[in-house]
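Presented below is the structure to which this report refers.
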Number of protein chains: 2
Amino acid sequence: MDISNYSNSILPYIPFFYVIWSDDLLSTSEIDVVKTAIEEDNSLSNSDKQQLKSWLKKDSPPKNELVKSWQQLITNSNAKLIESEVYPLESFSQKVASFYCKNCTANESLQNIELHLGIQPNHYNHLFNVEVVHQAYSDRFSGSDIDAIVNAPFLQEINTFKEFLKNPVFKWDVVRDKSKARKIVLKQVQTLAAGGWGALAYPKAYGGTNNIESYASIFEQLMFVDGSLAIKFGVQFGLFGGSIQNLGRKYHHDNYLKETGETKLLGCFAMTETGHGSNVRGIKTTATYVHETQSLIIHTPGKNDNKEYIGNALDSKMASVFAQLIVGGKNKGVHAILVPLRNEKHELLPGIRIEDNGYKLGLNGVDNGKIWFNQVMVPVVNLLDKYGQIDDQGHYQSKIKNPNKRFFTMLGTLVGGRICVAKGALAGAKMSLTIAIKHALQRRQFNDSIKVQEDLLMDYPSHQLRLIPKVASSYVYHTVLQRAMHEYANSTEDKRRIETQVAGLKAIITWFATETIQECREACGGKGYLLENRIADLKNDTDIFTTFEGDNTVLLQLAAKGVLSDFKSELNAGGFVSVLKLIGGRFTDKLATINPAYSNKVDKAHLYNPKFHLHALDFRLRRLTDSAAMRIRGYIKKGIPSYQAFLKTQTHLLALGKAYSEVLAMKWFYEFTSKLDDGLYKDLLYQIGALHGLSVIRKDATWFLEHGYLSGTKSKAIRQRVERLSTELRPHINTLVDGFGIPQHSMTAPIAN
Amino acid sequence: MDISNYSNSILPYIPFFYVIWSDDLLSTSEIDVVKTAIEEDNSLSNSDKQQLKSWLKKDSPPKNELVKSWQQLITNSNAKLIESEVYPLESFSQKVASFYCKNCTANESLQNIELHLGIQPNHYNHLFNVEVVHQAYSDRFSGSDIDAIVNAPFLQEINTFKEFLKNPVFKWDVVRDKSKARKIVLKQVQTLAAGGWGALAYPKAYGGTNNIESYASIFEQLMFVDGSLAIKFGVQFGLFGGSIQNLGRKYHHDNYLKETGETKLLGCFAMTETGHGSNVRGIKTTATYVHETQSLIIHTPGKNDNKEYIGNALDSKMASVFAQLIVGGKNKGVHAILVPLRNEKHELLPGIRIEDNGYKLGLNGVDNGKIWFNQVMVPVVNLLDKYGQIDDQGHYQSKIKNPNKRFFTMLGTLVGGRICVAKGALAGAKMSLTIAIKHALQRRQFNDSIKVQEDLLMDYPSHQLRLIPKVASSYVYHTVLQRAMHEYANSTEDKRRIETQVAGLKAIITWFATETIQECREACGGKGYLLENRIADLKNDTDIFTTFEGDNTVLLQLAAKGVLSDFKSELNAGGFVSVLKLIGGRFTDKLATINPAYSNKVDKAHLYNPKFHLHALDFRLRRLTDSAAMRIRGYIKKGIPSYQAFLKTQTHLLALGKAYSEVLAMKWFYEFTSKLDDGLYKDLLYQIGALHGLSVIRKDATWFLEHGYLSGTKSKAIRQRVERLSTELRPHINTLVDGFGIPQHSMTAPIAN
């Protein structure tokens, strides 16, 4: 090859042009970057500039032979590529140039191109036949800085808690026998109580800080220890204790809350029944008031009306039992009552039967059980009566006259639990990703090439694509759940909107976790199948999260009904009719049609712009809302009963609930990010947001294409950008998983060490 | 409402028109069915016919008020809908009519409409406010008939085997401890051997029938008993025994095969190494020939070169060890050698170290272990030398001169194993679907409606959509795997094409199984989480199937390379160069562009037509093949090294491998179906094929839309047809899962009984 074609000033540009044209991803704005750099480079003559610019035409790209000759020019230089240098490509280019031109000096304007194009060694280190000094990961960012940013308000508390969890009682091990596992987990819960962590969300008088946000922020750390621990902790302090705190009054707080926080009183939360999994309002257990004895009779009427899957059922002394409250022969709706289950010797009290649920797919350290009540009498003072009381005359009283509203106010206690379930699932995803990625940064795979060293698993495009977008989504959902807890903790009395939002977020985040952990298991091959590597347990423990604390399909329908009624219908109220009233005239805003120029816009700047992601997701939400409302109205007008009309649109409603939740998550994440200080980390989080946003759009690209929102070209461009962004984040992926803040003492998986 | 508008002859048509217009799914061909029936109905006057036909215009459908008035007319009749009648809608219509017209006689031409529209009670029973006598399922088909059709050649053998499995030793139970589980599974394997089932595939002289197709056909029954049993059975008889049968000669057969089939000799298959999971050619274990002693020295050179995840490692007396054969200082490539591991007292022999792999996500009844060899000497006669021998002078001989070809001929033993892995995964999916569907046919869910009875879970559209298409796909894959085994068993010496096909099919079918079992777990809620209901174990046991016997991502790339080289490249040969040679000029056929009339065709007859499914899947395969070849060629022309060019197209190759496998499966299924006798069952299988085909297209609709193969309207129509077909199969779903042929004694899940 004849290098006399090139002036000395052009030579260092050759590797850049080779990299640029070996791929086809250069967008117009990127071409502009290169053009500007060329214009401003005083080392170039005018004819040099002309020559370089002639190679920048997307319509007539350099011929293959030319590109190939550049490759040879580079190879022949014997330059060495060192990935750890500050500007590796610029530095490499200077080495190539100086091979051909001994007296040439470095040209720093190339650094600008490298910086602004955002090209990184793993984009191009495969393209040259030269020796590469690899760097498995970059240190531009620090994991602890990222952790500090995304956990800002709670960082100190979390770090204190991490220290606490170094106690050997929390050491992970394989325990197959459920009695042994339960003993260990109980001891761990007691240890947490002794450290004051159980009561965290309770008022100060009962040992806490009155801060449910703190409570939620430490919750995920428990998942890193063990899923069963997280759930048992949540049942004891969050559900049982939470029901006393939120549904009871001072009497109940004074008598039970402190003891609960200290695990001197172990309790369970007895809501679900075998026959009525997702329909709390339809539960059959009754609590009948008897005025003569000032008592309530708790009773399980039928075969399938027993309480089911009740966590802590075998260890508990008391249960917070949800039952239909019957006063004066009239059903006052579902209320919670504290029912003692066992005496001091841990013997069952008369009328109570409890059976072990047996072995489960996961969470075998949690003692789930079934509970039957046979005419069990408790004093009426055990009614958790903040929202509904029985007065001295035996009359039922409540400030909330509407029984629906009363019911959903009481159910509000579940919202915190749902957020924690989603947090737990997400923690499982984070830990699995951390393990799979640390493994992929060590494990080399055959490549059958002439290169000496086999490639790291992490450098395979398919591996990047299966894991890196999920790291991005984990960050998005992390900030979203923090925001959800903040909204919940600070919302005024009408919590319906946040309840609906949490329902939808819990569904999409727990499904995300299931999918992610599965991907991580497969990404680790046989190693991922061994219990010692932890992913197996995380997978099994979190699997139930998609169907408990509200089945995801039911929750998405709640979210959809919320959207259709502008959050004015009662949650879960079956309230088809109330939704229908609202559907009437609301959806009159003309839906914008999409400009072809917009549906064809494939420029990087546009595709990475948060406005595009929000616009796309919002467009889908509006369209689905409108079409669902139209369909339902259509059915109703033809005389189809309202329940059937909803049933016929069920799959549509599921899509609507999901669409709503996804736009909410994206919006909250960008609101979070926009408030950060400008700088490297803010840019990184925007990049994370873009990868998440484009991945979410990509997943439902069929819908966007069907509705003319995306052209085929744009849809393909999005796919390419998802791959490209994954590659761009590849050098930082070790830092990014470190940013999840999983303490070293929890990272016991041998493959991750 | 004024019924005087309608003549007595029109009255029985009203329920039909109400059903037709309450939905919007009527296609042109369906309208024609109704028109013809009206034309041919002699009870109608000309003006009646005009009136009815005026209600059949898609462009100006009946007004909502009119449809609503029909609904009221029907409701007011107090007719009862009985789902079990032969023509339920026709019969219901006559009852409605006779309420208004006491002397009217039945009009049988309505039966034609009901039959040809294919509308079934679950399409419309929700639409009326009348009493419905429900029928949970239809008995039009019989499960055992379906079983007999899809298992035709092996039915008798399978049924004999099912009887054999009634032996209480195969009774399922929860066993958490791995030593206990392994003892049980070992005893089960020995029982099978005693019954003659282990040797099934071996020649008659060694106790078998020489029929690997029989062997594969009974294999799935083992999964219904226990996943660990299936795998341990496969390791002992299929992999260890299979390596003796296929790689050894008469000497080895005479000495070991009968004993292996009887489990007097327990053996393992030691191929995989820790450091070389998917790269068998790169394994490091050596077998060095020493002429003086006529022996081979087996040795593990490095820290990560031990054999890994070897099933049966703890019980075995002998291993079939894959090692690099060194003769006269030269590496002759990978060969298998029989290496004794333990003596009669079950003590390890000198130089051998074996460690337990410990607890796994599933399959804990299988004793997987790691094996190290430290200069272990075995007589040279232990070389399984069918394809490569060491002669008396100590020279290596082989009829297959090309070492690559030799290697892949030996690896052919794995093909049968891969088919069985896919069969095992599919059996897990079938059993989970059976459990989830039987549960959904009993479990009722709240509906908050005025109806007395709550709906069956199976009657929710979302539930149908999540389970029924997967039942259809299970049938497709069942016939496809039978065909694959038939092709393999009857293929001539060059098995490369079938090996490549099996690689791709194993990938898509095991992934299908993982997704299906997950869906079933969630569809059963908390009940699906309990071990007693079996889905949990099926999920954990089959999870590894996606990454063992060839990691799915690696297998799909093999399939893609096969397509690109027209199956002339060696499997797994890294053989980028040989593929490239072939890529050169082959893809010259102009790709047809799709006619807009075709991409917009949404008629039912077209969408249900096998030709459409095959055309769509084939179009995708050709396009992906062409574009992959073009991309790779483009990179090469620019001087990018061939390995890197493949790496850069990796995600593209994965899509190609998948596309190839999906069109193959569809093609084989329709070839199977077309050969059946005409009749109800053939029609049913075509319906199953249509649901599978449309589901597969739907899953990748983004791609078809991007490439202009589908218009947005057609894509939406496909989604609607997938839902509609699921609903159409709903009445037969109990029969369809019975058709999987899972014996009652294996169906131990309480929720399915």
Side-chain angles (χ1 to χ4, degrees), chain A residues 21-22 64 67-68 71-72 126-127 129 174 176-177 276-277 279 282 308-309 357-361 446-449 460-462 465 521-522 525-526 529-532 536 543-544 546-548 551 553 574 637-641 643-644 647 650-651 654 701-702 705-708 712 715-716 723, chain B residues 21-22 64 67-68 71-72 126-127 129 174 176-177 276-277 279 282 308-309 357-361 446-449 460-462 465 521-522 525-526 529-532 536 543-544 546-548 551 553 574 637-641 643-644 647 650-651 654 701-702 705-708 712 715-716 723:
Chain A
W21 289 112
S22 65
N64 286 334
V67 180
K68 194 167 184 174
Q71 207 268 352
Q72 285 161 358
H126 284 124
L127 300 175
N129 262 325
V174 174
R176 298 287 290 175
D177 180 79
H276 309 87
N279 181 13
E308 177 76 284
Y309 316 126
N357 266 128
Y359 278 103
K360 294 156 291 178
L361 176 59
F446 66 99
N447 58 26
D448 290 303
S449 87
Y460 284 82
S462 63
L465 195 61
R521 204 300 288 156
E522 295 183 26
Y529 201 61
L530 304 177
L531 285 200
E532 62 179 22
D543 193 72
I544 192 68
T546 56
T547 50
F548 84 171
D551 181 279
T553 55
K637 281 190 180 161
K638 288 172 179 168
I640 295 169
Y643 169 71
Q644 327 303 358
L647 199 63
Q650 196 195 15
T651 57
L654 290 173
T702 294
L705 284 156
E706 283 173 358
H707 293 78
S715 175
K716 288 184 208 169
E723 294 193 18
Chain B
W21 289 113
S22 65
N64 286 333
V67 180
K68 194 167 185 172
Q71 206 269 350
Q72 285 161 358
H126 283 124
L127 299 175
N129 263 326
V174 174
R176 297 287 290 178
D177 180 79
H276 310 87
N279 181 14
E308 177 77 283
Y309 315 127
N357 267 129
Y359 278 103
K360 293 155 292 180
L361 177 58
F446 65 100
N447 59 25
D448 290 302
S449 87
Y460 284 83
S462 64
L465 195 61
R521 204 300 288 156
E522 294 182 27
Y529 200 62
L530 303 178
L531 285 200
E532 63 178 21
D543 193 72
I544 192 67
T546 56
T547 51
F548 84 171
D551 181 279
T553 55
K637 282 190 181 163
K638 287 173 180 167
I640 295 168
Y643 170 72
Q644 327 303 357
L647 200 63
Q650 195 196 15
T651 56
L654 290 173
T702 294
L705 284 156
E706 282 174 359
H707 293 78
S715 175
K716 287 184 207 169
E723 293 193 19

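Side chains included, hydrogens not; waters and symmetry mates left out as well; all remaining heavy atoms used. In what follows, every chain begins at residue 1, and chains take the letters A, B, ... in the order their sequences are listed.
Partners of A:E308 according to the side-chain hydrogen bond (donor to acceptor under 3.5 Å, both in side chains) rule, which considers only residues two or more places apart in sequence or in another chain, are A:T274, A:N357, B:K527. Take B:K68 and apply the side chain to side chain contact (heavy atoms under 4.5 Å, CB included) test, not counting sequence neighbours, and it matches B:Q72.
For a residue to count as touching a neighbouring chain, one of its non-hydrogen atoms must lie under 4.5 Å from one of that chain's; by this rule B:E706 touches chain A with backbone and side chain alike. Heavy atoms of B:E522 lying under 4.5 Å from chain A belong to its backbone as well as its side chain. Using a 4.5 Å cut-off between heavy atoms, B:L647 contacts chain A through both its backbone and its side chain. Heavy-atom distances place the side chain of A:L465, and not its backbone, under 4.5 Å from chain B. Interface residue B:I544: backbone and side-chain heavy atoms are both found under 4.5 Å from chain A. Interface residue B:T553: only side-chain heavy atoms are found under 4.5 Å from chain A. Proximity to chain B (any heavy atom under 4.5 Å) is shown, for A:D543, by both the backbone and the side chain. Contact of B:Y309 with chain A is made through the side chain alone, with heavy-atom distances under 4.5 Å.
Annotation: maximal heavy-atom pairing with chain B below 4.5 Å, among A:S715, A:G282, A:A701, occurs at A:S715. In terms of heavy-atom pairs under 4.5 Å with chain A, the best-connected choice from B:F548, B:Y529, B:Y359 is B:Y529. Listed options B:Q650, B:K637, B:Q71 were ranked by heavy-atom pairs under 4.5 angstrom with chain A; first place goes to B:Q650. Options A:L654, A:V174, A:T546 differ in how many heavy-atom pairs under 4.5 Å they form with chain B, and the most are formed by A:T546. Taking chain A as the reference chain and counting heavy-atom pairs below 4.5 Å, the highest number among B:P461, B:G525, B:G358 is found for B:P461. Of the listed residues (A:K716, A:R176, A:R521, A:E723), the greatest number of heavy-atom pairs within a distance under 4.5 Å of chain B belongs to A:R176.
For B:S462 and A:T651, the side-chain atoms include no donor-acceptor pair closer than 3.5 Å.
The two residues B:S22 and A:I640 come nearest to each other via the heavy atoms CB-CD1, 3.5 Å. The heavy-atom pair separating B:W21 from A:K638 by the smallest distance is O-NZ, 2.8 Å. Residue A:L530 comes nearest to B:K360 through the heavy atom pair CD2-CG, 3.7 Å, listed as atom of the first residue, atom of the second, then distance.
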